[in-house]
Each structure stands twice: as structure tokens, then as C-alpha cells.
Amino acid sequence: MFKELIFKSIIKTLNKYNNVVIVSHANPDGDAMGSSLALYLFAKKIGCNANVIIPNDYPMFLSWMPNIDDVIIFDKNTDKALTIMSEADLFCFLDFNTPSRTGVMHNELCRYNKIPHILIDHHLGADESAFEACLSETEISSTSELVAQLINNQGFDNYLDKDIATNLLVGIITDTGSFAHSVFDSTFDICAKLLSTSINYKEIHQNIYDTSSENRLRLLGYLINDRMTILNEYNTAYIYASKSDLESYNYQVGDTEGVVNYPLSINSIRMSVLITERQGVIRLSFRSKGDFSVNDLARKHFNGGGHLNAAGGTLTCSLEQAIQKLIDILPEYKDLLNK
């Protein structure tokens with residue numbers, strides 16, 4: 001019942017304002033794009049003048065998604081993005097709850113703090129009081145599932161079509177690693193309803209996972225063979241990718257997506273870390289098995305956070321210093337990693 005009240009609050013807010021700007025986080029993934037595009041198409045159906053603005057480019061393997069060409073990329077089309085933001089009377093934050101996660105857009109978004117905001121997100125740490133309407137739930141597969149529930153509450157028969165369903169399914173598939181983690185009963189229930197639109201699940205899955213470039217595949221092989229270290233004492237593996245490594249394989253946005261998961265296929269490994277050097281910062285992706293919380297580790301040591309088994313962080317230092325910091329903090333977690 002309480003959740004239905006939140007759905008009603010979001011719909012009431014969307015109906016109250018006309019110029020709606022949907023924003024997601026920097027380095028957007030499948031869930032960011034899927035949830036944003038689905039809400040965008042739904043908002044247009046209920047009469048909103050909606051736009052999607054993201055801080056920087058999305059991975060190339062998502063370039064086929066319905067209506068993705070409508071998305072405005074801030075760092076490529078800044079003037080247009082700024083004009084649209086200046087005319088907005090409602091912002092919708094999707095798949096993040098900390099404004100700093102919007103990277104290059106952060107300072108500009110701060111100018112519009114007094115304009116109403118909606119939050120739809122599944123990460124820990126939301127300040128619900130900062131939003132006119134807030135749908136924040138951590139025990140759920142993805143933000144795309146939350147958007148699907150919102151639309152379903154209004155009636156899938158009235159609003160669901162193949163484009164919306166496809167975008168939602170992309171978000172759910174990618175954020176669960178093809179239903180390998182963060183899956184709940186509600187996830188399969190909503191996916192069954194999405195599939196009722198006669199979308200081609202096999203084709204969607206192939207578009208996500210079977211459209212790699214040769215360079216991307218060769219980069220994967222190189223990183224696993226030459227850049228992976230196993231720390232048996234801590235049941236941990238890390239892979240690093242220097243800026244020159246990425247340049248050698250003509251890196252495109254999204255080429256390292258999923259690399260962090262591969263070490264977890266080793267039976268003894270409980271935590272895997274991908275450390276990537278990019279544009280003056282170090283990005284870290286954490287994955288874990290069981291009840292080891294990479295969210296807690298990322299929040300405490302790496303200016304990040306996320307979920308129990310999937311989190312991210314950033315450091316401003318050299319690649320070598322980031323690797324050493326990871327190694328230095330592992331003794332603190334030795335008992336938990338050896339459970």
C-alpha cells in the first residue's frame with residue numbers, strides 16, 4: 001500500500017509539471033540507460049515534454065536501444081543540454097542518489113536545487129527528504145525494475161509497448177548480470193509481463209553480449225592473461241588496466257564492462273576488483289560472492305559505494321598507488337574474505 005502511494009506521488013508530480021529532464025549518472029550503464037529511456041517514453045505518453053540528459057557517452061553495445069538517439073550527451077552537446085536544463089520545471093534523477101555521481105554535470109545541476117526533483121533509485125544512502133517524490137528501494141534488481149513497477153501500476157495495457165519493454169529488460173538483464181545476482185521474485189514477475197509484448201528476448205540478449213569488436217575481445221584476453229593478480233591469502237583477485245593498455249586496444253566506452261566478473265568464476269575467489277586508469281582518475285569496480293559487502297569497503301576506502309555484491313569507487317592518484325592501497329587494506333578484511 002505504501003509503495004502505491006509513492007507511485008501516485010510520482011505520477012501526480014509528473015502531471016503537475018511540463019518540462020521534465022531525466023538525468024542519470026556519469027559513465028551510464030545498461031540500467032541507467034534502460035530506466036531513463038523507459039521513463040522518457042512513458043512521460044511522453046502521459047503528455048510531458050521530456051528529455052534525457054546524461055553526463056557522458058554510453059557503451060557502444062547499447063547503441064541499438066530504442067530511442068537512444070534522443071539522448072543528449074552533456075559533454076558532447078553542452079549548449080543544448082544547458083538550454084534544456086534552464087527551461088526545466090522538474091528533474092528526475094534515475095539510478096543514482098548522490099549528485100556528485102553526475103560528474104561534469106554536477107555543478108550545473110546544483111544551480112537548480114530549488115526546482116522540484118523526483119528520485120527513482122536502488123542504491124543505498126538516499127536522502128528522501130530532498131525530493132518532491134522518491135522511490136528508493138535497495139532490495140530490488142535495478143532501477144529499471146522500479147520504473148517497470150511504476151508503469152505497471154498505471155496499467156501495462158495502457159502504456160507498455162515494445163520499445164519501453166525492451167529498454168526496461170536491457171536494464172534488468174545488465175544490472176543482474178543476466179539474472180546471476182540481485183534477483184528477486186518480483187524481478188521474474190515483472191520480466192514475464194515485459195515479455196508479454198512479444199519482444200525478442202534472444203535478440204536483446206545477443207545485442208547486449210554478442211556484439212563485441214575484435215579489439216574488445218582481445219583487450220579482455222590481455223587483461224586476464226597479463227593484468228590479473230590472485231591474492232590467495234585474501235581470496236581476492238584484481239585486474240588493472242593502464243591508460244596505455246586501453247589505448248593499445250583502441251578502447252571504446254564500455255569495452256571493460258563485465259571484466260571484473262571473470263575472476264569470480266574461480267572457485268576460491270570471494271572478491272574481484274577492476275582498477276582502471278582514465279583521464280586523471282582511477283576507477284575501481286568491486287564484485288563479491290556471498291555476504292561480503294564490497295559496498296562497505298568501497299564507501300570506507302574508495303569514495304564510492306553501491307550494493308552488497310557490486311560497488312564502485314574513485315581515487316585521484318597514480319595507478320600504482322591505487323593498487324597498493326587495495327593491497328594495504330586487505331588485512332582489515334582477511335577474516336571476512338576467508339569465511
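- Atom OG in S144 sits 7.5 Å away from atom CG in D95 (nearest 0.5 Å).
- Between Y201 and I173 the shortest side-chain heavy-atom distance falls below 4.5 Å.
- In this structure, S272 contributes its side chain and V260 its backbone to a donor-acceptor pair below 3.5 Å.
- Between H122 and D31, the shortest heavy-atom contact is NE2-OD2, 3.5 Å.
- Between E332 and K300, at least one side-chain nitrogen of the basic residue sits less than 4.0 Å from a carboxylate oxygen of the acidic one, meeting the salt-bridge criterion.
- Salt bridge absent: E4 and K8 never bring a charged side-chain N and a carboxylate O closer than 4.0 Å.
- Of all the heavy atoms in P55 and I73, the pair that sits closest is O-CG2, 4.3 Å.
- With hydrogens and angles disregarded, no donor-acceptor distance shorter than 3.5 Å links the side chain of H301 to the backbone of R299.
- Checking side-chain atoms of N338 against main-chain N and O of K334 turns up a donor-acceptor pair under 3.5 Å.
- Linking Ile, Leu, Val, Met, Phe, Trp and Tyr whenever their side-chain heavy atoms come within less than 4.5 Å puts F7 and L90 in one cluster.
- Atom CD1 of I269 and atom CG of L264 lie 8.0 Å apart (nearest 0.5 Å).
- Between Y249 and Y222, the gap from one ring centroid to the other is short of 6.0 Å.
- For F156 and Y159, the gap between ring centers reaches or exceeds 6.0 Å.
- Residue I115 is grouped with residue I84 when hydrophobic side chains (ILVMFWY) are merged at heavy-atom distances under 4.5 angstrom, including chains of intermediate members.
- The nearest pair of heavy atoms linking L160 to L194 is CD1-CD2, 4.0 Å.
- In this structure, D255 does not pair ionically with R218, as no charged nitrogen and carboxylate oxygen lie closer than 4.0 Å.
- Proximity of I120 to L39: side-chain heavy atoms (C-beta onward) are separated by under 4.5 Å at one or more points.
- A continuous path of Ile, Leu, Val, Met, Phe, Trp and Tyr side chains, each step under 4.5 Å between heavy atoms, connects V20 with V71, placing both in one hydrophobic cluster.
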**OP:** Show your working on salt bridge (Lys or Arg N to Asp or Glu O under 4.0 Å) between D210 and K202 and close with a plain yes or no.
**Re:** CA-CA 11 Å; D210 300 331; K202 181 179 179 181; over 6 Å; no
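- In this structure the side chain of V294 reaches within 4.5 angstrom of the side chain of M271, judged on heavy atoms.
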Subject >> Test side chain to side chain contact (heavy atoms under 4.5 Å, CB included) applied to S9 and L135, step by step >> reply: CA-CA 9 Å; S9 176; L135 178 56; over 6 Å; no
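- Taken together through direct or relayed side-chain contacts under 4.5 Å among Ile, Leu, Val, Met, Phe, Trp and Tyr, L246 and I224 form part of one hydrophobic cluster.
- A distance of 6.0 Å or more separates the ring centres of F96 and H123.
- Between T176 and S182 the shortest heavy-atom distance is CG2-O, 3.9 Å.
- Aromatic ring orientation, F292 versus Y333: perpendicular (interplanar angle above 60°, classes split at 30° and 60°).
- Between F286 and F302, the distance separating the two ring centers is shorter than 6.0 angstrom.
- One distance of note links CD1 of I10 with CD of E132; it measures 11.0 Å at 0.5 Å rounding.
- Electrostatic pairing of K3 and E137 counts as a salt bridge here, judged by a charged N lying under 4.0 Å from a carboxylate O.
- Salt bridge status for K45 with D161: present, with a side-chain N to carboxylate O gap under 4.0 Å.
- Residues H307 and H181 place their aromatic rings such that the two centres sit no closer than 6.0 Å.
- In this structure, L41 is a member of the same hydrophobic cluster as L169, with clusters built from ILVMFWY side-chain heavy atoms closer than 4.5 Å.
- When each of T314, I323, L315 is paired with L284, the side chain to side chain contact (heavy atoms under 4.5 Å, CB included) condition holds for L315 and for no other.
- For the pair T236 (side chain) and Y234 (backbone), a donor-acceptor distance under 3.5 Å is present.
- Looking at N167, D163, L94 one by one, the single match for side chain to side chain contact (heavy atoms under 4.5 Å, CB included) with L37 turns out to be N167.
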